[in-house]
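Below, all heavy atoms of this structure are taken into account, side chains as well, without hydrogens, waters or symmetry copies. Residues take their numbers from the sequence shown, with the count starting at 1. Bear in mind that the values here come from a model prediction, so they are computed numbers and not experimental data.
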Amino acid sequence: MSKYKFVFDLDSTLTKQEILPEMAKYIGCHESISKITEETMLGKLSFEESFLKRIEILKEIPIKKVRNIVKNITLNEELIKFVLDNIDRCIIITGNLDIWICELMNMLGLNDIYYSSKALADGQYIKSVVNVIKKEDIIKEIDGPIVAIGDGSNDSKMIEYADIGIGFGAVRPIAPSVLNVCDYAFYEEEKLCQFLKRLL
């Protein structure tokens with residue numbers, strides 16, 4: 001039997017904080033970003049709509065500053081260790097922008113195993129978003145059985161199409177659309193890691 005491949009969301013799955021709201025604090029628009037995020041989690045806005053709305057607000061932050069914020073984001077260390085220990089079988093799929101998260105991925109040694117949305121820069125600022133990732137499209141291209149882990153409404157299709165779909169709610173509530181399709185739900189990092197290790 002083929003070995004499972006493990007697909008992880010980034011924000012609030014591998015990280016203990018949502019990246020975009022952390023950025024929003026820098027320009028004092030945390031409340032408006034959180035409101036859009038919440039509407040998306042509840043499925044009132046599509047991920048693409050809400051993401052582009054949030055980018056429009058946040059693109060006034062210089063890219064260098066964003067990368068520093070992202071590099072200092074708090075991580076779920078045990079899950080990161082699982083990924084690093086099994087790097088040949090792990091993939092990260094994030095809606096976040098390559099231009100913002102690339103240094104974090106590089107710092108963690110995860111450069112070659114992530115997929116993200118893409119943007120173009122004009123100097124130190126984002127010029128335009130060229131692609132908002134659809135996580136399910138990546139899932140369809142992966143060979144072999146898949147375990148997918150995430151928490152937000154934009155993870156629901158990825159989790160639905162996986163052989164084993166897991167909702168992870170240690171950081172924030174699992175989106176209702178994920179709870180509708182997942183096979184398992186975990187609310188503690190340690191218990192999730194124990195389960196993932198059993199699937200190795």
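In this structure the side chain of Thr13 never reaches within 4.5 angstrom of the side chain of Ile92, judged on heavy atoms. Side chains of Ile99 and Arg67 form a contact here, defined as non-hydrogen atoms less than 4.5 Å apart. Side-chain atoms of Thr15 and Leu10, non-hydrogen and from C-beta on, do get closer than 4.5 Å to each other. When side chains are defined from C-beta on, Ile166 does not count as touching Ile159, because their heavy atoms never get closer than 4.5 Å. Counting heavy atoms from C-beta on, the side chains of Phe8 and Ile91 never come closer than 4.5 Å. Looking only at side-chain heavy atoms (C-beta outward), Ser116 and Ile101 come within less than 4.5 Å of each other. Under the 4.5 Å side-chain criterion, counting only non-hydrogen atoms from C-beta, Phe51 is in contact with Ser117. Ile27 has its side chain within reach of Glu60: a pair of non-hydrogen atoms, C-beta onward, lies under 4.5 Å apart.
Ser50 OG to Asn154 CG: the interatomic distance, rounded to the nearest 0.5 Å, is 8.0 Å. Residue Lys71 holds its NZ atom at 11.0 Å from CG of Leu108, rounded to the nearest 0.5 Å. The CG atom of Asn68 lies 7.5 Å from the NZ atom of Lys64; values are rounded to the nearest 0.5 Å. To the nearest 0.5 Å, atom NZ of residue Lys53 and atom CD1 of residue Ile33 are 10.5 Å apart. Here the CE-NZ distance, from Met23 to Lys59, works out to 12.5 Å after rounding to the nearest 0.5 Å. A distance of 6.0 Å separates CG of Leu75 from CG of Leu104, quoted to the nearest 0.5 Å.
Judged as a side chain to side chain donor-acceptor pair (under 3.5 Å), and not counting sequence neighbours, Lys191 has no contacts. A search for ring-ring contact (aromatic ring centres under 6.0 Å, His included) contacts involving Tyr115 returns nothing, not counting sequence neighbours. Tyr114 pairs by the ring-ring contact (aromatic ring centres under 6.0 Å, His included) definition with nothing, not counting sequence neighbours. Under the salt bridge (charged side-chain N to carboxylate O under 4.0 Å, His left out) criterion, Lys25 pairs with Glu22, not counting sequence neighbours. Taking the side chain to side chain donor-acceptor pair (under 3.5 Å) definition, one finds that Asn111 meets it with Asn106, sequence neighbours left out.
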Problem set entry | Candidate pair Ile93 and Ile133, rule side-chain contact (heavy atoms from CB on, under 4.5 Å), full reasoning | CA-CA 8 Å; Ile93 309 178; Ile133 203 166; 3.9 Å; yes
Exercise. Is there a side-chain contact (heavy atoms from CB on, under 4.5 Å) between Tyr4 and Leu200 once you walk through the steps?
Worked result: CA-CA 7 Å; Tyr4 284 113; Leu200 287 168; over 6 Å; no
Problem set entry | Check against side-chain contact (heavy atoms from CB on, under 4.5 Å), Ile36 and Ile57 | CA-CA 11 Å; Ile36 297 169; Ile57 296 168; 4.0 Å; yes
For this session: Apply side-chain contact (heavy atoms from CB on, under 4.5 Å) to Cys193 and Leu79, showing your working.
Result: CA-CA 6 Å; Cys193 285; Leu79 278 173; 3.6 Å; yes
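Within the hydrophobic cluster formed by Ile, Leu, Val, Met, Phe, Trp and Tyr side chains joined at under 4.5 Å, directly or through other members, Leu120 is accompanied by Val130.
In this structure a side-chain-to-backbone donor-acceptor pair under 3.5 Å is missing from Glu39 to Leu45. No donor-acceptor pair closer than 3.5 Å links the side chain of Asp151 to the backbone N or O of Pro173. Panel note: side chain Arg54, backbone Ala24; no donor-acceptor pair is recorded below 3.5 Å.
Around atom NZ of Lys16, more than 12 heavy atoms belonging to other residues, nucleotides or ligands sit under 6.0 Å away.
A pairwise comparison of heavy atoms in Thr74 and Gln17 identifies N-OE1, 2.7 Å as the closest pair. Across all non-hydrogen atoms, the minimal contact from Leu58 to Cys29 is CD2-SG, 4.4 Å. In terms of heavy atoms, Ser34 sits closest to Pro21 at OG-CB, 4.4 Å. Nearest heavy atoms, Ile19 versus Asp11: N-OD2, 2.8 Å. Between Ala162 and Ala148 the shortest heavy-atom distance is CB-CB, 3.6 Å. Closest of all the heavy-atom pairs between Ile63 and Gly123 is CD1-O, 4.2 Å.
Sorted by first and then second residue, the ring-ring contact (aromatic ring centres under 6.0 Å, His included) pairs involving residues 168-200 (not counting sequence neighbours) are Tyr184-Phe195, Phe186-Phe195. Sorted by first and then second residue, the pairs that involve residues 61-107 and meet ring-ring contact (aromatic ring centres under 6.0 Å, His included), not counting sequence neighbours, are Phe6-Phe82. For residues 156-168, there are no side chain to side chain donor-acceptor pair (under 3.5 Å) pairs, not counting sequence neighbours. Each salt bridge (Lys or Arg N to Asp or Glu O under 4.0 Å) pair with one or both residues in residues 104-113, not counting sequence neighbours, would appear here, but there are none. For the side chain to side chain donor-acceptor pair (under 3.5 Å) condition, the pairs that include at least one residue of residues 118-144, sequence neighbours left out, are Asp9-Lys135, Lys135-Asp155. Evaluation of the salt bridge (Lys or Arg N to Asp or Glu O under 4.0 Å) test over residues 80-102, restricted to residues two or more places apart or in two chains, returns Lys81-Asp85.
The cluster map of Ile, Leu, Val, Met, Phe, Trp and Tyr, joined by side-chain heavy atoms under 4.5 Å apart, puts Ile73 and Val171 in different clusters.
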